[in-house]
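Input: a single structure, listed below in structure tokens.
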Amino acid sequence: MLSAVVRSALTKHTYVQSAVRAMSSSAGPTSPYTTLSISQPAENITHVELHRPEKLNAMNKAFWSEMVDCFNEITADPDCRVVLVSAAGKIFTAGIDLMDIASDILQPQGDDVARVSWNLRRIIAKYQETFSVIEKCPKPVVVAVHGACIGGGVDLITACDIRLCSQDSWFQVKEVDIGLAADVGTLQRLPKVIGSRSLVNELALTARKMYADEAKSSGLVSRVFADKAAMMTGALELAGEIAARSPVAVQGTKVNLIYSRDHSVTDGLDYMATWNMSMLQTQDVMKAAQAAMEKKVPRTVAFSKL
Ligand SMILES: CC/C=C\C=C\CC(=O)SCCNC(=O)CCNC(=O)[C@H](O)C(C)(C)COP(=O)(O)OP(=O)(O)OC[C@H]1O[C@@H](n2cnc3c(N)ncnc32)[C@H](O)[C@@H]1OP(=O)(O)O
């Protein structure tokens, strides 16, 4: 019995190590993208890496639309059960590309105030979609942050399902420093992530940096790792645990957790009952229950694609 446990642990360790090696071999953006590198480090796991390291992964115009295309593809991909987001280079991201905003946001087109405003509204909604697609994607998204995570970076990570960081990380709701109220998700999602409204207000109103330990104690991240390498290993292990489970159960869990966050308990239970009246009919329940009875780990069960 003991040797089986050791064998299982060793297999898992080898599997994670080779997956980590596969991830760190990313040479640059993956066609058709110019700011993202996409890979499959292990079965059913998609790795999305922000990849514009020379500009500290600043979010340029291409990034804002590539994220939408990328996550729409992931949503439709039956081979993907979980997504891991991380970043190449020195830091996670320096936020919106300050050279790019001049042409889009600061000079909106239109013949009069109404038309200029309408165009600006459309542009803001488009930028918002860049991170809302993460939340709309039914596959869980794990994000692994190293170094700085500034401005738009906080908008991005608050749309993810599980946040991890390395000890050298810091987070900054930077928008007030560049003269704007954050408008692509932080003000809406951060209060639902961090318990303390006072802390959210402080961070958003002063743009002060929050370091890894405070990010952990406040609940912004669930785990802090010693460095990026340890974090990527831990993130892959975590993604592997999710990918091993029934995609019907996992995706139903994500969708209903988000629904419940935004609705009353009564409405959430109602939605859940309607959801499971079809999803409970899956063969996955029988397969997973049988494996549990036989004391097999979820990884040994073959679930169909979803
Ligand atoms: C509708 C609106 C939607 C979204 C709004 C989002 C709001 C925000 O994101 S607000 C946050 C904006 N970002 C910032 O204010 C950060 C600016 N950058 C910095 O403060 C620093 O670069 C740093 C992150 C503290 C890192 O400093 P350092 O290590 O000294 O590196 P640098 O030499 O400064 O940068 C290297 C290289 O990257 C370029 N770069 C860095 N940040 C940005 C950026 N945000 N936009 C464009 N380019 C950036 C920098 O210019 C350097 O490029 P070179 O070509 O090497 O000069």
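Remember, it's 1-based here, ligands and their atoms both numbered in the order they're listed.
- Nearest residue to atom 3 (C) of ligand 1 from Asn57, Ile91, Ile96 is Ile96 (criterion: closest heavy atom).
- Summarising the geometry of Pro108 relative to Leu106, their closest heavy-atom pair is CD-C, 3.3 Å, with the distance given to 0.1 Å.
- Taking a 6.0 Å sphere around CZ of Arg261, one finds it holds more than 12 heavy atoms contributed by other residues, nucleotides or ligands.
- Glu129 places no side-chain N or O within donor-acceptor distance of the main-chain N or O of Val68, the cut-off being under 3.5 Å.
- Counting protein heavy atoms under 4.0 angstrom from atom 10 (S) of ligand 1 gives one or more.
- By the neighbour-count criterion of 12 heavy atoms within 6.0 Å, atom CZ of Arg208 is densely surrounded, having more than that number from other residues, nucleotides or ligands.
- For atom 53 (O) of ligand 1, the protein comes within 4.0 Å by at least one heavy atom.
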Determine, stepwise, if the pair His146 / Cys165 fulfils side chain to side chain contact (heavy atoms under 4.5 Å, CB included). CA-CA 6 Å; His146 74 286; Cys165 77; over 6 Å; no
Before giving the answer on salt bridge (charged side-chain N to carboxylate O under 4.0 Å, His left out), spell out for Asp97 and Lys55 the whole-Å C-alpha distance, their side-chain angles and the decisive distance to 0.1 Å. CA-CA 9 Å; Asp97 189 313; Lys55 296 288 181 187; over 6 Å; no
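- In this structure, the protein non-hydrogen atom closest to atom 24 (C) of ligand 1 is Ile150 CD1, 3.6 Å.
- At the shortest separation from atom 12 (C) of ligand 1 among protein heavy atoms lies Ala94 O, 3.7 Å.
- With a heavy-atom cut-off of 4.0 Å, Asp183 touches ligand 1 through its side chain alone.
- Counting heavy atoms of neighbouring residues, nucleotides and ligands inside a 6.0 Å radius, atom NZ of Lys216 does not exceed 12 of them.
- One N or O on the side chain of Thr30 and one on the backbone of Ile38 form a donor-acceptor pair closer than 3.5 Å.
- Residue Phe131 does not touch ligand 1, judged by heavy-atom distances below 4.0 Å.
- At least one donor-acceptor pair closer than 3.5 Å links the side chain of Asp168 to the backbone N or O of Gly147.
- Scanning the protein for heavy atoms near atom 29 (O) of ligand 1, the closest one is Lys90 NZ, 2.6 Å.
- The shortest contact between atom 15 (O) of ligand 1 and any protein heavy atom is with Lys174 CE, 3.4 Å.
- The protein atom (non-hydrogen) at minimum distance from atom 48 (N) of ligand 1 is Ala58 CB, 4.1 Å.
- Taking every heavy atom of Gly152 and a limit of under 4.0 angstrom, the matching atoms of ligand 1 come to 6 (C), 8 (C), 9 (O).
- With a 4.0 Å heavy-atom cut-off, ligand 1 is reached by the side chain of Ile178 but not by its N, CA, C or O.
- Put simply, the side chain of Thr158 gets close to the backbone of Asp155: a donor and an acceptor are under 3.5 Å apart.
- For atom 34 (O) of ligand 1, the nearest protein heavy atom lies 4.0 Å or farther away.
- Formation of a donor-acceptor pair under 3.5 Å by the Lys296 side chain with backbone atoms of Val301 is not found in this model.
- When Lys209, Lys55, Gln172 are checked for heavy-atom proximity to atom 38 (O) of ligand 1, Lys55 turns out nearest.
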Criterion ring-ring contact (aromatic ring centres under 6.0 Å, His included) on Trp64 and Phe131, from CA distance to verdict: CA-CA 9 Å; Trp64 293 97; Phe131 303 133; 5.3 Å; yes
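- Within the 4.0 Å cut-off (strictly below), no protein heavy atom is located near atom 50 (C) of ligand 1.
- Looking from atom 46 (N) of ligand 1 to the surrounding protein, the closest heavy atom is Leu98 N, 2.9 Å.
- Here the protein heavy atom with the shortest distance to atom 41 (C) of ligand 1 is Leu56 CD1, 3.8 Å.
- Looking at atom 47 (C) of ligand 1, its nearest protein heavy atom turns out to be Asp97 OD1, 3.3 Å.
- The closest approach between Glu54 and ligand 1 falls below 4.0 Å for a heavy atom of the residue.
- Looking at Thr93, its side chain does come within 3.5 Å of a backbone N or O of Asn57 through a donor-acceptor pair.
- Within ligand 1, the atoms closer than 4.0 Å to a non-hydrogen atom of Ile105 are 1 (C), 2 (C), numbered from 1 in the order shown.
- Near Gly95, with a cut-off below 4.0 Å to any heavy atom, the atoms of ligand 1 are 9 (O).
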